[in-house]
Every structure is written in structure tokens, then in C-alpha cells.
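Data block below; observations after.
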Protein chains: 2
Amino acid sequence: MPISQQGEMVVKKQTKERMDLQANVFKALAHFSRIFIVNELAKGKKCVCELTEMIGADKSTVSKHLSVLKQAGIVSDTKDGNKVFYSLEVKCVLNFISCIDGMIEANIKKMEIYIK
Amino acid sequence: MPISQQGEMVVKKQTKERMDLQANVFKALAHFSRIFIVNELAKGKKCVCELTEMIGADKSTVSKHLSVLKQAGIVSDTKDGNKVFYSLEVKCVLNFISCIDGMIEANIKKMEIYIK
DNA sequence: TGGCTAATTGGCATTATAGCCAACAAGTTA
DNA sequence: TAACTTGTTGGCTATAATGCCAATTAGCCA
């Protein structure tokens, strides 16, 4: 995409395509509701109705969030009766969340010191 | 935790605020250029001009990408002469990228089988 | 069958993001 | 000093994401 008139991009096309796919995974997780869903599914599979009640948004909204996560390959779904259950597929998301949570915690402490 | 009449969220305010901060970190990484930058900074600190040449976008664009990463706490910057050097602060990003890259690889292989 | 629950999809308005250029600030060099 | 390099910020347009409602599909049960 970023090919300017002056200087053409030095990044290989293959590299860019792969990083675009990686960016899509980050994008899929870049929302409160979807991080919440990942945390809930880490405890076990849940249907859309359960997640909808917890999040408190319209069920169409939650369904779309789940669709984003599924598209990215982070969750999978199975039908059971008239319910659809979602499961967490990529567990390493949890490791990363706990890592950045540690960073956030450290930054908050740093802020507190700065205020004092 | 009970649900209120107009479908108010059942998630604790504290939980939501923390997950919003986590989402901001994901959002900061949800772009090709910023993932590229993280990969480059993993090799060592680089100035804006170097990254700009590699990416091939306007320097203002790259500067803004770096600003997003800095705001999220993923990189830091130091001035040296009239150059500004950026460094990677949160190394666990690299672990997560390699994890999702494995997932992408697996999905590509799955696709190939599906086509056959 | 009809009525109910569960979930998805389309449409639409609102908001956020991306990237360019222009302007500016700060450091360097002649 | 002026000219140049480096980087940031503001303004602008184009594109993407969000979340609601409405309509639809699918399964369940009386």
C-alpha cells in the first residue's frame, strides 16, 4: 500500500502480506468486548446468549464480535440445538494478555510515582 | 451480578477499564507498518529516518505510527543530535507474533488442503 | 401448526483510523 | 547568518470500525 512517488517501499511484498495477516489478528483483539470474550472462553466454551448477557450489548453486536474472532482464527464454533458455542483456539493470546497487563500495571505504578 | 432493564453491562467497571487498556495495546499493533517497526527495533534501536526509508511512506506517517506505539508503552525514544532513536520496550510482543505466525502458517496449509 | 428462543445478516449513522501535504521546531553544517 | 536535515503536529479527505434496529434463518416445544 504505502508506495510513494519519491521512494518505493523497501519491504518485500511477501513480508508485507504476512505482516498484514499478523496485523489482522491484532485488530481482531483490539476491542474490549473481544478481549472479554477471550477471557471467558479460556474458562470453557460458551454460547452467544451467555456472552451477550455478560457484555450487555445487543446480541447482533456480540455475534459480530465473535465473527471477527472466528475470522481471525482465534475462536471456533459448534452448533448444539439452537445454540452456538464458541471455544478458544489460540491459547497464546492469554500469555500475551498477561504480559501486557504486567506492563500496564508497571506503567500505572510509574504514573503514581510521577504524581507524587 | 444482575442485569438491569436496558441491557446494562454486567462487567465490572474496573474490569472494563483494564481490558480497554489491554485493547489499546492490541490496537497499537494492529497495522502492518507498526508490526514492521517492532520487528526492526527488535534488532536494535533505529531513527525515524531509517524506518521511513524502509517503509516508504511519508515521514509524518511513520512518525505518527511511532507515536501510537510509544503511547501504548511498546517503544521508547531518545534524542541524539537532530535524530530521534526508538527502542523496543516490550519484548513479549515478539513471542506473540511468532505464535500467531505459526497459526497463520497452519491456516494457510489447511486452506491448501481444502482447495485440493 | 404456532410461538418461542438463539443467532446471523443487512442497513445505517456515528466515530475512529490512515496517510498525504503544509507548516513548524530543533539541530547541524557551510 | 542561511541552507539543510530530522522530526512532529495540524488539517484535510478517504476508508474502516462500531453498535443499534429490523429482518431473517434455524431449532425447540407445547
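Protein chains get the first letters and strands the later ones, always in sequence-line order, with residue 1 at the start of each. Note that the structure is predicted; figures quoted are calculated from it, not measured.
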Below 3.5 Å, does any donor atom in the side chain of Lys64(B) face an acceptor in the base of dG10(D), or the other way round? yes

In whole angstroms, the gap separating P of dA7(C) from CG of Asp58(A) amounts to 13 Å

I want to check something: taking the side chain as every heavy atom from C-beta on, are Ile37(B) and Tyr86(B) in contact at a cut-off of under 4.5 Å? no

Rounding to an integer number of Å, can you tell me how far Phe32(B) CZ sits from dG19(C) P? 10 Å

With clusters defined by side-chain heavy atoms of hydrophobic residues (ILVMFWY) lying less than 4.5 Å apart, directly or transitively, does Phe85(A) cluster with Ile74(A)? no

Any idea which of dA18(C), dT8(C), dT8(D) is nearest the Lys59(B) side chain? dT8(D)

Could you check which residues of residues 34-46 of chain B get a heavy atom under 4.0 Å from DNA chain C? Sort them by number, please. Arg34(B)

For the residue pair Lys16(A) and Phe32(B), would you count it as a cation-pi contact if the rule is NZ or CZ under 6.0 angstrom from the ring centre and within 45 degrees of the ring axis? yes

Using whole Å, what does the distance between atom P of nucleotide dT8(C) and atom NZ of Lys70(A) come to? 8 Å

Same apolar cluster (I L V M F W Y, side chains within < 4.5 Å links), Met19(A)/Ile100(B): yes

Nearest heavy-atom contact between Ile97(A) and Gln22(B) is CG2-OE1, 3.6 Å

Nearest-angstrom distance from the residue atom CZ of Phe85(B) to P of dT6(D): 10 Å

Which residues, if any, of residues 73-83 of chain A bring a heavy atom under 4.0 Å of DNA chain D? Lys79(A), Gly81(A), Asn82(A)

Lys27(A) NZ to dA16(C) P: how many Å, rounded? 17 Å

Starting at CZ of Phe26(A) and ending at P of dT17(C), how long is that distance when rounded to a whole Å? 17 Å

Interatomic distance where NE2 belongs to His65(B) and P belongs to dC20(C) [whole Å]: 8 Å

Does the side chain of Tyr86(B) get closer than 4.0 angstrom to OP1 or OP2 of dT6(D) through an N or O atom? no

Counting only side-chain N and O atoms of Ser60(A), is one of them less than 4.0 Å from OP1 or OP2 of dT8(C)? no

Asn24(A) CG to dA17(D) P, straight-line distance once rounded to whole Å: 8 Å

dT8(C), OP1 or OP2 - any side-chain N/O from Ser63(A) closer than 4.0 Å? yes

Hydrophobic cluster identity match, Val84(A) and Val68(A), side-chain contacts under 4.5 Å: no

